Amino acid sequence: MEDCAKAKQEALDMRYIRMACIWAENSYCQRRQVGALIVKDKMIISDGYNGTPSGFENVCEDENNVTKPYVLHAEANAITKIARSNNSSDGATMYVTASPCIECAKLIIQAGIKRVVYSEKYRLEDGIDLLKRAGIEVIYLSPDK
């Protein structure tokens with residue numbers, strides 16, 4: 001029975017990660033498009049993608065193709081959307097197309113998110129290490145499965 005529940009959860013995780021990949025397509029960033037979903041009780045309660053703050057031009061890189069310092073990460077956008085809603089991310093799962101950086105990992109911890117599923121490894125692992133240190137379940141899933 002436990003194997004069946006595990007297989008069901010993995011199938012759900014795979015669906016949500018594919019949805020996060022599609023959501024990333026909303027990003028105007030040229031260097032990397034990242035999408036994030038926050039799911040609780042099988043409901044998407046927030047979403048985000050990397051980009052500039054509301055009201056700014058939708059240009060993420062400068063003339064040298066360097067990401068502008070004020071560009072928000074997908075995780076930060078999803079978490080701040082929660083803050084403006086009546087939802088709570090406490091105990092939720094975040095699906096994100098790239099492994100969280102250390103700054104986003106701090107936000108994830110503070111938001112009470114208990115699981116993070118990601119589909120692309122980043123060169124730095126400090127965000128993943130911090131999440132694990134905080135007792136958050138971290139799962140790498142390739143979307144090509």
Side-chain angles (χ1 to χ4, degrees), residues 2 5-62 65-145:
E2 198 175 293
K6 190 175 177 184
K8 261 187 175 172
Q9 184 61 57
E10 190 171 317
L12 264 179
D13 286 347
M14 206 49 125
R15 279 189 207 107
Y16 286 125
I17 230 22
R18 286 196 311 263
M19 290 169 79
C21 288
I22 291 166
W23 201 244
E25 295 172 14
N26 287 315
S27 172
Y28 287 90
C29 296
Q30 302 294 311
R31 291 181 63 220
R32 168 180 276 156
Q33 293 180 312
V34 180
L37 299 175
I38 300 176
V39 176
K40 189 173 179 178
D41 301 324
K42 295 184 184 172
M43 284 190 310
I44 297 169
I45 59 170
S46 190
D47 56 66
Y49 50 87
N50 57 328
T52 57
S54 299
F56 283 64
E57 76 289 347
N58 287 319
V59 179
C60 298
E61 294 84 12
D62 64 19
N65 201 33
V66 174
T67 301
K68 293 178 180 177
Y70 53 85
V71 168
L72 288 155
H73 289 187
E75 304 95 319
N77 267 327
I79 290 168
T80 54
K81 256 190 192 177
I82 285 277
R84 294 176 67 172
S85 75
N86 293 323
N87 286 318
S88 165
S89 54
D90 203 36
T93 297
M94 175 175 277
Y95 296 89
V96 62
T97 58
S99 62
C101 70
I102 192 126
E103 293 301 318
C104 288
K106 291 189 268 186
L107 293 174
I108 290 165
I109 293 163
Q110 290 300 95
I113 292 167
K114 294 299 173 210
R115 288 178 80 234
V116 174
V117 180
Y118 69 100
S119 62
E120 183 187 322
K121 293 181 180 179
Y122 186 59
R123 61 184 168 80
L124 299 175
E125 299 244 333
D126 51 356
I128 295 295
D129 294 342
L130 187 65
L131 292 172
K132 289 178 179 174
R133 186 172 162 201
I136 293 171
E137 183 183 0
V138 179
I139 299 160
Y140 168 74
L141 269 186
S142 172
D144 307 327
K145 264 190 173 179

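Just so it is clear, the structure is predicted and the values come from calculations on it, not from any experiment.
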Backbone N or O of [Y] within a donor-acceptor pair of the [X] side chain at under 3.5 Å?
| X | Y | value |
| --- | --- | --- |
| Glu61 | Arg31 | yes |
| Asn77 | Tyr49 | yes |
| Lys40 | Ser88 | yes |

Pairwise distance [atom1]([X]) to [atom2]([Y]) - rounded to 0.5 angstrom:
| X | Y | atom1 | atom2 | answer |
| --- | --- | --- | --- | --- |
| Ile108 | Ile79 | CD1 | CD1 | 5.0 Å |
| Ile113 | Glu75 | CD1 | CD | 9.5 Å |
| Lys42 | Arg15 | NZ | CZ | 9.5 Å |

Matching residue for Tyr28 among Asn50, Asn58, Thr52 - test: side-chain contact (heavy atoms from CB on, under 4.5 Å): Asn58
Do [X] and [Y] come within less than 4.5 Å of each other through their side chains, counting heavy atoms only?
| X | Y | result |
| --- | --- | --- |
| Tyr140 | Ile128 | no |
| Met14 | Ile17 | yes |
| Ser46 | Asn87 | no |
| Ser119 | Cys21 | yes |
| Val59 | Lys68 | yes |
| Cys101 | Tyr122 | no |
| His73 | Val96 | no |

Residues Ser89, Met94; criterion side-chain contact (heavy atoms from CB on, under 4.5 Å); working and verdict: CA-CA 9 Å; Ser89 54; Met94 175 175 277; over 6 Å; no
Return the minimal non-hydrogen interatomic distance between [X] and [Y], and the atom names on each side.
| X | Y | result |
| --- | --- | --- |
| Ala105 | Pro100 | N-CB, 4.4 Å |
| Tyr16 | Leu37 | O-CD1, 3.6 Å |
| Cys29 | Val71 | SG-CG1, 4.2 Å |

All pairs passing side-chain hydrogen bond (donor to acceptor under 3.5 Å, both in side chains) where residues 91-103 contributes a residue, at least two apart: Asp13-Tyr95, Thr93-Arg115, Glu103-Lys106
